[in-house]
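The next block holds one structure in the form of structure tokens; read it before the comments.
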Amino acid sequence: MSLPVLVVLVVFGIALSVAAVHFTGGTTTATLAGADQALARFAEDFPDERPGVVWLTADNRTAFLELGPQRCGIVQSIGDCFLTRIVTPHDILAVTTEGTAVSVRLNDFTWKGGNFVFADEAGALAVAAALQGHERIRKAA
């Protein structure tokens with residue numbers, strides 16, 4: 001078999017694989033339908049927790065859940081599924097806000113945090129205040 005034919009077969013095979021993944025939903029991004037879905041998804045992994053307020057980002061890919069003065073729950077879209085975690089004072093390195101955006105840096109090699117945009121400034125400020133409260137507690141400890 002000649003080299004050009006082999007190259008065409010390899011390129012066609014890769015294109016076919018990518019198309020199959022795309023058309024079967026492999027490239028979809030999960031979004032939360034609302035606070036109830038965020039609470040239900042969080043409860044799957046942490047059934048003993050009783051979250052309070054839920055703050056959704058504008059793109060509905062992340063939810064922050066109030067768990068009390070020293071903990072915050074997070075439901076984060078990763079590809080077509082959701083991952084959950086509980087953030088403690090030890091996890092938070094920095095929280096900054098700018099308008100409706102909140103930037104969170106975490107002390108965790110598996111997830112470093114991210115930038116989150118909320119529908120309004122009140123939501124951003126509420127999440128930042130909750131996370132900054134965690135940061136103050138860690139500094140005092």
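One is the number of the first residue; the rest follow in order along the sequence.
- Arg41 places no side-chain N or O within 3.5 Å of a backbone atom of Val75 that could act as its donor or acceptor partner.
- Closest approach of Gly73 to Leu67, counting heavy atoms only: N-CD1, 3.4 Å.
- Closest approach of Val102 and Val104 over heavy atoms only: CG1-CG2, 3.9 Å.
- Every salt bridge (Lys or Arg N to Asp or Glu O under 4.0 Å) that Asp108 has, sequence neighbours left out, goes to Arg85.
- Note on Trp55 and Leu39: separate hydrophobic clusters, where clusters join Ile, Leu, Val, Met, Phe, Trp and Tyr whose side-chain heavy atoms are under 4.5 Å apart, directly or indirectly.
- Ala63 approaches Leu56 most closely through the heavy-atom pair CB-CD2, 3.5 Å.
- Arg50 contributes a side-chain N or O that, together with a main-chain N or O of Pro47, makes up a donor-acceptor pair within less than 3.5 Å.
- Under the 3.5 Å distance criterion, the side-chain polar atoms of Ser77 are left unmatched by any main-chain donor or acceptor of Thr31.
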Next item on the list: Kindly indicate, with the supporting measurements, whether the criterion side-chain contact (heavy atoms from CB on, under 4.5 Å) is fulfilled by Phe82 and Leu32.
Entry: CA-CA 9 Å; Phe82 294 101; Leu32 293 162; 3.6 Å; yes

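- Smallest separation of non-hydrogen atoms from Leu106 and Leu93: O-CD1, 3.6 Å.
- Rounded to the nearest 0.5 angstrom, Thr62 OG1 and Ile78 CD1 are separated by 8.0 Å.
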Could you go through residues 111-130 and list every donor-acceptor pair under 3.5 Å that involves a side-chain atom there, pairing it with any protein atom two or more places apart or in another chain?
residue: Trp111; atom: NE1; partner: Gly113; partner atom: O; Å: 3.3
residue: Asn115; atom: OD1; partner: Ser103; partner atom: OG; Å: 2.9
residue: Asp120; atom: OD1; partner: Gly123; partner atom: N; Å: 2.8

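- Neither Val54 nor Val87 shares a network with the other; the hydrophobic side chains, linked directly or stepwise wherever heavy atoms of I, L, V, M, F, W or Y lie under 4.5 Å apart, form separate groups for each.
- Minimum heavy-atom separation, Ala38 to Leu65: O-CD2, 4.4 Å.
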